[in-house]
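In what follows, a single structure is set out as structure tokens and then discussed.
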Number of protein chains: 2
Amino acid sequence: MFLSTSEHSADAKNRVSVPAGYREALRDDPYDAIYVLPHFDGPYLECGGEQFVQQYRMDIANLPRYDALRKDLEIAVIGAIRRLDFDSTGRVTLPRDFIDHAGIDGRCAFVGCDNHFQIWNADAHAARLRDVRSRLSARLADPAEAERMGGGTDLGSLLRNSESLAALLKGEKL
Amino acid sequence: MFLSTSEHSADAKNRVSVPAGYREALRDDPYDAIYVLPHFDGPYLECGGEQFVQQYRMDIANLPRYDALRKDLEIAVIGAIRRLDFDSTGRVTLPRDFIDHAGIDGRCAFVGCDNHFQIWNADAHAARLRDVRSRLSARLADPAEAERMGGGTDLGSLLRNSESLAALLKGEKL
DNA sequence: TAAATTCCCATGATATCCCATATGTTAACA
DNA sequence: TGTTAACATATGGGATATCATGGGAATTTA
């Protein structure tokens, strides 16, 4: 799991150290690398390991082969992702166009998002975090939204009550 | 798998270097070559290895033998694909009519699409990528479309992919 | 014989690898 | 409790290998 945020600097060769904790999460991957996508939805890089790419491949493969959405995703996702290999000290070199896309100039922020993480221009991320917080705060005022935010299954009660989950944990298929 | 996009130049002899990563993906093919199709859907070349051709053959073979669509596909796909062999440095020579079809003049973009890739005039692809990105970005704003692009994670896949969550559910301490 | 194609080698740019240094954190010990 | 040692992490710079690409020679085709 990719957790928490940390800032690192990109040097003259556009190298950045990937947080040690993130590298730990990639320990079992076949390549000593991360996959990086300049995201179509904003000035940031979406990153992850093998699972990150496979998830996108699956989403795309599940669409009809001549579907327009599928073709768009192939270009903007598969066509845009690059594998960046670690050097011996745990750094990757960011391609010039990736740096341009995210507006990275010196400091950049690594933001953990569970099964993937993002790389932002440090200042841009700080500003965004303020926005996100106030937006979430406002959402809580609306009961329907509050329900949506915390309406998921309660892990504790699930454990106490669910036989099918117990079966799943024993390795049985549902 | 063909991943990411890179630009290369076509020289005076109409030779282009195929990205090293793509050649790696073709390592196990019987021929040291790519199959190239001037696509009927736009000014670009659709390319791939052995699997790329076989997929088209299958699609066509599944149609009735006297079907009008089948006959069209036979002409526009099977009749149009050419095999281009690599030279010793990993380049292929593009036939004149292929260059005309894609409007290639100097720089061209190689776009990875998982099991195949495309070759575009570099400028044409840049313009198209902008279109695709804004279209996808707009789509995300619509919850129904966002759902189609990637539904929420189900508990099963979460369990399969997260050792620490599985451990937690089994009652172990983290 | 002319034109085009294929093969081979040379070069430059870029990315990759390796070692050295700095910084910060934990652990050990006085 | 203060000091030092050991370690892990982050960063900087130089050497090396890989890749893209240009040009010329050999071979084929018209």
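Every chain is numbered from 1 and lettered A, B, ... according to where its sequence line falls, protein lines coming before strand lines.
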Fill in the blank from the handout: Looking only at heavy atoms, the pair that brings B/L45 and B/P38 closest together is CD2-CA, 3.8 Å
Fill in the blank from the handout: Atom CZ of A/F98 and atom C1' of C/dA15 are separated, to the nearest Å, by 15 Å
Practice task
Could I get the full list of side chain to side chain contact (heavy atoms under 4.5 Å, CB included) partners for A/S9, not counting sequence neighbours?
Solution key: A/R107
Exercise for the section: With a 4.0 Å heavy-atom cut-off, tell me which residues in residues 86-93 of chain A come close to DNA chain D, sorted by residue number. Expected result: A/T89, A/R91
Problem - B/Y66 atom OH, over 12 foreign heavy atoms within 6.0 Å - result: no
Exercise for the section: Rounded off to whole Å, could you give me the OH-to-P distance for the B/Y22 and D/dA20 pair? Expected result: 11 Å
Problem - salt bridge (Lys or Arg N to Asp or Glu O under 4.0 Å) involving B/R96 - partner list, sequence neighbours excluded - result: B/D100
Problem - Greater than 12 external heavy atoms within 6.0 Å of A/Y31's OH - result: no
Fill in the blank from the handout: B/R139 meets the side chain to side chain donor-acceptor pair (under 3.5 Å) criterion, sequence neighbours left out, with B/E145
Completion exercise
Each nucleotide of nucleotides 24-30 of chain D classed B (base within 4.0 Å of a protein heavy atom), S (only sugar-phosphate) or -, in 5' to 3' order, makes B------
Completion exercise
Taken in chain and number order and not counting sequence neighbours, the residues that satisfy salt bridge (Lys or Arg N to Asp or Glu O under 4.0 Å) with A/R70 are A/E74
Practice task
Using a heavy-atom cut-off of under 4.0 Å over every strand shown, decide if A/V18 touches base, sugar-phosphate, or nothing.
Solution key: sugar-phosphate
Fill in the blank from the handout: note: A/E7, atom CD; C/dT23, atom P; distance rounded to Å ~ 18 Å
Handout entry: Length of the NE2-P vector between A/H8 and D/dG12, whole Å
Key = 13 Å
Problem - Stretch residues 107-123 of chain B: residues that reach within less than 4.0 Å of DNA chain D through a heavy atom - result: B/R107
Fill in the blank from the handout: Contacts of A/A12 and B/D11 projected onto DNA chain D by closest heavy atom; the upstream (5') one is A/A12
Exercise for the section: Mind calculating the distance between CZ (A/R23) and P (D/dA8) to the nearest angstrom? Expected result: 12 Å
Practice task
Determine whether more than 12 heavy atoms belonging to other residues, nucleotides or ligands lie under 6.0 Å from atom CZ of A/R83.
Solution key: yes
Problem - From A/D29, A/D28, A/I34, residue fulfilling side chain to side chain contact (heavy atoms under 4.5 Å, CB included) relative to A/E50 - result: A/D29
Exercise for the section: Rounded to the nearest angstrom, tell me the gap between atom CG in B/N14 and atom C1' in C/dA3. Expected result: 15 Å
Practice task
Give the angle between the helix axes at the two ends of the helix from C/dT1-D/dA30 to C/dA30-D/dT1, taking five base pairs at each end and rounding to 10°.
Solution key: 20°
Completion exercise
B/Y44 meets the ring-ring contact (aromatic ring centres under 6.0 Å, His included) criterion, sequence neighbours left out, with B/H39, B/W120
Fill in the blank from the handout: Atom CG of A/D85 and atom P of D/dC19 are separated, to the nearest Å, by 12 Å
Exercise for the section: Any side-chain hydrogen bond (donor to acceptor under 3.5 Å, both in side chains) involving residues 13-26 of chain B? Give me the pairs, sequence neighbours left out, ordered by first then second residue. Expected result: B/D11-B/R15, B/E24-B/R27
Exercise for the section: State which of D/dT9, D/dT11, D/dG22 makes the closest approach to the side chain of A/A20. Expected result: D/dT9
Fill in the blank from the handout: Residues at least two apart in sequence or cross-chain that pass ring-ring contact (aromatic ring centres under 6.0 Å, His included) with A/F86, listed by chain then number, are none
Practice task
Go through the structure and list residues passing ring-ring contact (aromatic ring centres under 6.0 Å, His included) with A/H101, not counting sequence neighbours.
Solution key: none
Practice task
Find the distance A/D32:CG to C/dT16:C1' and express it as a whole number of Å.
Solution key: 13 Å
Handout entry: Minimum heavy-atom distance B/L84-B/V92, with the two atoms named
Key = O-CG1, 3.7 Å
